[in-house]
Colleague: 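The structure's right below; bear with me while I get my questions together.
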Amino acid sequence: MASEFSYTYVVVGGGIAGVTCAETLALLRVDPADNILLLTESTLVKAVTNVVPLGKILNRFDVEEKSTAELSSKGNVDVLQDHLDSIASHRHSIRTAAGRCITYRYLCLCTGARPNIIDKAKGSANVIGIRDTESVEEFRKRIHTATRLVVVGNGGIASELVYEVGGMEQIHWVIKDAYISSTFVDSGAATFFRERLSKKDQAGGEQTVYKRMRYTEQDDGGESSAIGAGKGGAALGPDWHRAFDIRKHGEKAESDGKVIIHQSVEVTAIEEKTDELQVHLSDGTMIECDFVVSATGVVPSISWTGGCDQPFKLGPDGGIFVGWSMETSVDDIYAAGDVCYAGWDHAPQWFQMRLWTQARQMGAMAARSMAAKRAGEEIYQDFCFELFNHVTTLFGYQVVLLGRYNGQGLNDKYEVLLRMTPGLEYIKFVLVDGRLQGALLVGETGLEETCENLILNQLDLSPYGEELLDPDIDIEDYFD
């Protein structure tokens, strides 16, 4: 293969943001001669499929692993497995770890984020992060010989891991907060989830059958494996736990041990012993285990070896600062997904959170912006950035997050309406001066579109009072 290439658009990263950006560019191609390159470290990429609209903005979707060959053949996108080494923005070119020089007209960085392994665990082979397909495969290998597990973290991956894993004698869940799953829900919903967690054993321990095709990483000794950039998988999708059997082979649900939750504590030390780890907590507790999973968030991945000839403006969280068009401080370079910091003035009911939903939205926005600049056209920010929106699954329930669903940024100057039916649904409305600012919907509530409309329209709901969540009243009839 030649060592020099030239492309109109170069997208770096095979995750949801990068693949969405490349696929959107293929649809928006201004000139038939424009070509697109997706540069990815892995032979697998993440693609959004089975999009189901739940409202004007809100969508539920699946994330599938595709081979790079499939993406290239179906999407009119060239795919190169290699690793970004350096950027020469004044020459509009990048260099890869394999020594390839690629010139671009527009460049989009979608390099994602890497696991933020807890400080006390760095360098230990028995402490692993969960972020991508490869790390889950490593987890699967380890649980076959393990009986005691410690999970550190309180986000979506930690929550689903604790719920889905099976065949262990003991699972210790270490969280720094006062209640579980605090990244997404309030203490009331956490109590709702704990009831499901406590009934996990009685449920039979059966996993949902995963009916989509799966691919595995290839290492055929050919050019892709000879690049030498190392494997780097993209972030997991919204139903990652269904794609993997994370039960010990041959184990039955009856052997599942109780999940022990350690609240409001942090890990102070991890000691390596001959045949086990000793995890010390801030409350003086010592836990003996076989290995530790660190699911304590992510940090933007901008550590390409050679850097850039012009330093990027960074946000306070270390992400690449971008405006609403997803353009960085360096001309003709864009960024999308977990690697970037949303530096524009946000809509009242939107905020940044490093989730696959926003990765998809940002990737599409970056593509639209690059295509418009190429065509000399003016565009406006996508409407999806008017309202924070996310659909996920926690403890077997559909979870919909809209707007300021936990009162974020409202300085406690809000009121909350709640409705909970144990084992069925949990509904929370966040209101300010009678106007809906956010909603948390757990279970099949059917209220997604109604809540989306009420937040966007800012209709005064004061006349309805607590009747808004009266189970005998269908509020959809009020607000069609």
Side-chain angles (χ1 to χ4, degrees), residues 15 111-139 142-143 146 148-165 171-185 190 193 197 232-238 240-241 246 259-272 277-283 285-287 289-303 315-319 337-339 341 352-356 358-359 390 392 394-395 406 408:
T111 50
R114 52 184 173 79
N116 185 26
I117 303 295
I118 52 177
D119 290 337
K120 307 297 181 183
K122 289 178 179 175
S124 172
N126 291 315
V127 180
I128 64 173
I130 297 281
R131 173 64 179 169
D132 53 23
T133 302
E134 288 71 27
S135 60
V136 176
E137 292 290 358
E138 174 66 18
F139 173 79
R142 287 176 177 265
I143 63 173
R148 301 161 300 172
L149 169 66
V150 171
V151 178
V152 184
N154 205 17
I157 287 180
S159 300
E160 283 304 307
L161 192 69
V162 168
Y163 180 66
E164 296 288 338
V165 73
I171 301 175
H172 293 266
W173 190 4
V174 178
I175 61 175
K176 66 180 181 180
D177 309 291
Y179 56 88
I180 65 173
S181 308
S182 64
T183 300
F184 290 135
V185 302
F193 287 144
L197 188 60
L236 297 167
W240 66 273
H241 51 87
I246 53 176
V259 175
I260 303 169
I261 301 174
H262 303 267
Q263 299 174 182
S264 303
V265 294
E266 296 186 31
V267 175
T268 57
I270 297 178
E271 294 185 67
E272 300 262 6
L277 290 182
Q278 291 184 351
V279 180
H280 298 267
L281 306 182
S282 55
D283 65 353
T285 302
M286 189 273 287
I287 306 170
C289 66
D290 296 301
F291 71 103
V292 175
V293 172
S294 176
T296 48
V298 297
V299 292
S301 181
I302 57 174
S303 56
D317 61 2
D338 289 356
V339 74
Y341 169 79
Q352 184 180 11
M353 198 170 179
R354 286 180 168 84
L355 302 165
W356 46 86
Q358 289 191 357
H390 184 58
T392 187
L394 292 176
F395 303 98
N406 261 346
Q408 299 95 331

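We number each residue from 1, following the sequence as shown. Please read all numbers here as calculations on a predicted model, not as lab measurements.
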Colleague: Quick one: are Val293 and Ile128 in side-chain contact, heavy atoms under 4.5 Å?
Modeller: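 When only atoms from C-beta onward are counted, Ile128 and Val293 do touch, with a gap below 4.5 Å.
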Colleague: Say whether, by atom type as modelled, one donor and one acceptor occur between the side chain of Ser282 and the main chain of Glu266 under 3.5 angstrom.
Modeller: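 Yes, the answer is positive, given that a donor and an acceptor are paired below the 3.5 Å cut-off.
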Colleague: So Glu160 and Leu394, do their side chains get closer than 4.5 Å, heavy atoms only?
Modeller: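 When only atoms from C-beta onward are counted, Glu160 and Leu394 do touch, with a gap below 4.5 Å.
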Colleague: Looking at every non-hydrogen atom in both residues, tell me the closest pair between Ala158 and Asn154 and how far apart they are.
Modeller: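 So the two residues come closest at CB-N, 4.1 Å.
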Colleague: Nearest 0.5 Å please: distance from the OG atom of Ser294 over to the CD1 atom of Ile157.
Modeller: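 If we round to the nearest 0.5 Å, Ser294:OG and Ile157:CD1 are 10.5 Å apart.
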Colleague: Can you measure from OG1 (Thr296) to CD1 (Ile117) and round to the nearest 0.5 angstrom?
Modeller: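 The CD1 atom of Ile117 is 6.0 Å from OG1 of Thr296, to the nearest 0.5 Å.
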Colleague: State which residue, out of Phe395, Phe184, Tyr179, fulfils the ring pair (Phe, Tyr, Trp, His ring centres under 6.0 Å) condition with Phe193.
Modeller: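 Output: one option passes, namely Phe395.
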Colleague: Roughly how far apart are Ile118 CD1 and Lys176 NZ, rounded to 0.5 Å?
Modeller: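 So the CD1 of Ile118 and the NZ of Lys176 are separated by 12.0 Å.
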Colleague: Considering non-hydrogen atoms only, spot the tightest contact between Val339 and Thr111 and give its length.
Modeller: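 Minimum heavy-atom contact is CG2-OG1, 3.2 Å.
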Colleague: Assess whether atom CD of Gln352 is packed by more than 12 heavy atoms of other residues, nucleotides or ligands within 6.0 Å.
Modeller: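 Enclosed.
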Colleague: Quick one: does Val267's side chain get under 4.5 Å of Leu281's, heavy atoms only?
Modeller: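 The answer is yes; the side chains approach within 4.5 Å.
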Colleague: Run the side chain to side chain contact (heavy atoms under 4.5 Å, CB included) test on Arg354 and Asp317 for me, step by step, so that the C-alpha distance in whole Å, both residues' side-chain angles and the decisive distance to 0.1 Å come before the verdict.
Modeller: CA-CA 11 Å; Arg354 286 180 168 84; Asp317 61 2; 2.8 Å; yes
Colleague: Ser159: what forms a side-chain hydrogen bond (donor to acceptor under 3.5 Å, both in side chains) with it, not counting sequence neighbours?
Modeller: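 Scan of Ser159 (side-chain hydrogen bond (donor to acceptor under 3.5 Å, both in side chains), adjacent residues dropped) gives Ser181.
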Colleague: Is there a side-chain contact between Val165 and Val151, using heavy atoms and a 4.5 Å cut-off?
Modeller: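 Sidechains of Val151 and Val165: no contact.
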Colleague: Distance check, rounded to the nearest 0.5 Å: Trp173 atom CH2 versus Leu197 atom CG?
Modeller: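 Taking CH2 in Trp173 and CG in Leu197, the distance rounds to 6.5 Å.
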Colleague: Just so I know, are the side chains of Arg142 and Asn126 near enough to count as touching, which here means a heavy-atom distance under 4.5 Å?
Modeller: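 Yes, at least one pair of side-chain atoms sits under 4.5 Å.
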Colleague: For Thr285 versus His262, what's the shortest heavy-atom pair and its separation?
Modeller: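 Minimum heavy-atom separation between Thr285 and His262: CG2-CE1, 4.2 Å.
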Colleague: Just verifying a value: how many Å separate His172 NE2 and Ile261 CD1, rounded to the nearest 0.5 Å?
Modeller: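 The NE2 atom of His172 sits 12.0 Å away from the CD1 atom of Ile261.
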Colleague: Rounded at 0.5 Å granularity, tell me how far CD1 in Ile270 sits from CD in Gln278.
Modeller: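 Here the rounded value is 11.5 Å.
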Colleague: Can you name the closest pair of heavy atoms from Arg114 and Ser301 and give their distance?
Modeller: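 In terms of heavy atoms, the two residues are closest at N-CB, 4.2 Å.
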Colleague: Any idea which heavy atoms bring His280 and Met286 closest together, and the distance?
Modeller: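 So the two residues come closest at CE1-CG, 3.5 Å.
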